Amino acid sequence: LTPADVKYHAGPSPLANVPMVDSRNPKAPPMTQAEFDVARKIYFERCAGCHGVLRKGATGKPLTPDLTTAKGTDYLKVFIAYGSPAGMPNWQTSGELSEQEVDVMARYIQHEPPTPPEFSLADMKATWKVIVPPEARPKKKENAYNVDNIFSTTLRDTGEVALIDGDTKQIINIVKTGYAVHISRTSASGRYLYVIGRDAKINMIDLWMAKPDNVAEIRVGLEARSVDTSKFKGFEDKLAIAGSYWPPQFTIMKGDTLEPLKIVSTRGNTVDKQEYHPEPRVASIVASHYKPEFVVNVKETGKTLLVDYRDVDALKITEIGTARFLHDGGLDSSHRYFMVAANQSNKIAAVDLKEGKLARLIDVGKIPHPGRGANFVHPQFGPVWSTGHLGDDTISLIGTDPVKHRAQAFKVVATLKGQGGGSLFLKSHPKSQHLYVDTPLNPDPAVAQSVAVFDVKALDKGYTVLPIAQWAGLSDDGAKRVVQPEFNKAGDEVWFSVWSAKDKQSALVVVDDKTLKLKAVIKDPRLITPTGHFNVNNTQHDIY
Ligand code: DHE
């Protein structure tokens, strides 16, 4: 290059005259490097989940220096120490942070947020391991298990899943997975199980092995929550997809080896104010049964992406504006509509996967949290999909049949009153007459340790309370939160986790769906912090 060429390519940027925030933020109170490092660690351990890595806000308020420096250290200290009625925890008065820690946090959030590194294809490949290559795997099932009725139970704090035989209730294997492991999903054939940890590590387990175990693993980022696999006819088990919180992106992989093929960033503009957001995290992902598409829900921008995976090198993405802070959701009983909670907007978005458009945004209670939701047939309004709420004691039933129950379609047709707020998951099954609603985050231990059961044919009769934690018969004084109902394949029993702290005993409790009586308690020293559980058949076919 001649000097003239260089000048041509490197001309003066107009950005030189644009005002920018000084990344050192001289307006913020000073901090030593040691204080900054302590605060950064605390921020990522306690605060980032709600306020975001770049502090743009989600469940919590934005905490960027333009806002925080105006408030000042003293104000921020009070806020962090005492919390707020809007949901900010009282970090100091609860004893979780010391006065000194609160002081460093108040100063830290007035500085620019440090940005974590990106995670490229090369980074992913460096973590990718094919433990048993496809050609060395069993040609047919090499065990006597009824694979369809295996449960994969999250052992949250040990970074493992327990594979449990749903017929005999025996543990088949405890498989090492990612850190603070989150969810399991089944491939279209039901042979493979994909498990994702919060550290974005995916483990792929082959259920045909004599003792089912890991056959491949990869990390797709630095933090993640969701994974699924292609389910459309002709693409069964072909592709896997995982969404990450950081970097904000999703990754498509080969279904049999987890080889990463394509990374797509989710950075972009929000649905409402159409402002740029640097950190739109990927929340739930589901594979469409209607089209060769993945449904990817982007939290901070409030967009649902329908990713047509037929040609990974020429992805066609339909971007549907839904509502901000998308979180979890599931399919309706026909599998045509994806119902996703926009939790801080108090809405459910019903996305029509056949037409590729929004069917409706539906106002529900405070902070809907359905898991995958629960489908059943309402005696009056026909097929409904339902959600419980974190912020109130209601359960919203939404009509999902626009053909035979048009007037009720995508409207709240009834609101049930449950045991209380703090509900995370609810479940039913086509063969069951019951709707089970958990409340593990309710402050009243009696409520957190039991579940409400509604008879879907007599909803006006209210609910029956099942004392699940009491039935577990645990000797010590653990928190014993009862979490996530999940049916077996036959749809005649329901499993619950009784989730205690890492150093306390936990258990799984199995209830007979017909009689609502205790059927079995599964206890084992290896069952440490069980939370979610995923029945192979029901997850494979999206039956819930
Ligand atoms: Fe989850 C699903 C995110 C805390 C148990 N959780 C999901 C999904 C998301 C998510 C985006 C949907 C995945 C999908 O369908 O593809 N969860 C988050 C968080 O950001 C949050 C609030 C905080 C965090 O730090 O992770 C969080 N989740 C929890 C828990 O504390 C739970 C109760 C216990 C645990 O194991 O960590 C928990 N989340 C679950 C479970 C599901 C889930 C069991 C799957 C439900 C299902 O039926 O599919």
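We count ligands from 1, going down the list as the structure has it; atoms in each ligand are counted the same way. Values in this document were obtained by computation on a predicted structure and should not be read as measured data. Position 1 is the first residue of the sequence, and the numbers go up from there.
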Within ligand 1, which atoms have a heavy atom of [X] less than 4.0 Å away?
X: A283; value: 11 (C)
X: L424; value: 33 (C)
X: I285; value: 14 (C), 16 (O)
X: F534; value: 45 (C), 47 (C), 49 (O)
X: I183; value: 2 (C), 13 (C), 14 (C), 16 (O), 42 (C), 43 (C), 45 (C)

Original post:
Which is closest to atom 26 (O) of ligand 1 in terms of heavy atoms, R225, K427, H182, H533?
Top reply: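 Of the listed residues, R225 has the closest heavy atom.
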
Original post:
So which of E486, R372, K299, H327 gets nearest to atom 48 (O) of ligand 1, if we judge by its closest heavy atom?
Top reply: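 Selected option, by shortest heavy-atom distance: R372.
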
Pairs of nitrogen or oxygen atoms closer than 3.5 Å, one from [X] and one from ligand 1: do any exist?
X: T154; answer: no
X: Y245; answer: yes
X: S226; answer: no

Could you tell me whether [X] and [Y] make a salt bridge, using a distance below 4.0 angstrom between a side-chain N and a carboxylate O?
X: R46; Y: E96; result: yes
X: E279; Y: R267; result: no
X: E236; Y: K231; result: no

Original post:
Any cation-pi pair here, R225 with Y245, using under 6.0 Å and within 45°?
Top reply: yes

**OP:** Would you verify whether the NZ or CZ of R55 falls within 45 degrees of the ring axis of F44 while also being under 6.0 Å from that six-membered ring's centre?
**Re:**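 Geometry flag: not set, cation outside 6.0 Å or 45°.
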
Closest protein heavy atom (residue, atom, distance) for [atom]:
atom: atom 15 (O) of ligand 1; value: R185 NH2, 2.8 Å
atom: atom 30 (C) of ligand 1; value: R198 NH2, 3.7 Å
atom: atom 36 (O) of ligand 1; value: T531 OG1, 2.6 Å
atom: atom 46 (C) of ligand 1; value: F425 CE2, 3.5 Å
atom: atom 8 (C) of ligand 1; value: D328 CB, 4.4 Å
atom: atom 35 (C) of ligand 1; value: R156 NE, 3.3 Å

**OP:** Classify the ring geometry between H369 and H327 as parallel (under 30°), tilted (30 to 60°) or perpendicular (over 60°).
**Re:**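 Ring orientation, 0 to 90° scale: tilted.
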
Original post:
In terms of the angle between their ring planes, are W495 and H533 parallel, tilted or perpendicular, with boundaries placed at 30° and 60°?
Top reply: perpendicular

**OP:** State yes or no: are the ring centers of Y337 and F410 separated by less than 6.0 Å?
**Re:**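 Ring centroids of Y337 and F410 are less than 6.0 Å from each other.
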
Original post:
Hey, what do you get for CG (L527) to OG (S500), rounding to the nearest 0.5 Å?
Top reply: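 So the gap between those two atoms works out to 11.5 Å.
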
Subject >> Interatomic distance, S226 atom OG to F294 atom CZ [nearest 0.5 angstrom] >> reply: 11.5 Å

**OP:** With heavy atoms only and a cut-off of under 4.0 Å, state how Y544 meets ligand 1: side chain, backbone, both or neither.
**Re:** neither

Subject >> ligand 1 versus V483: contacting region, heavy-atom distance under 4.0 Å >> reply: neither

**OP:** Determine the sole option in N488, D165, N538, N535 for which the side chain to side chain donor-acceptor pair (under 3.5 Å) test with N149 is passed.
**Re:**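 The single option meeting the side chain to side chain donor-acceptor pair (under 3.5 Å) with N149 is N535.
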
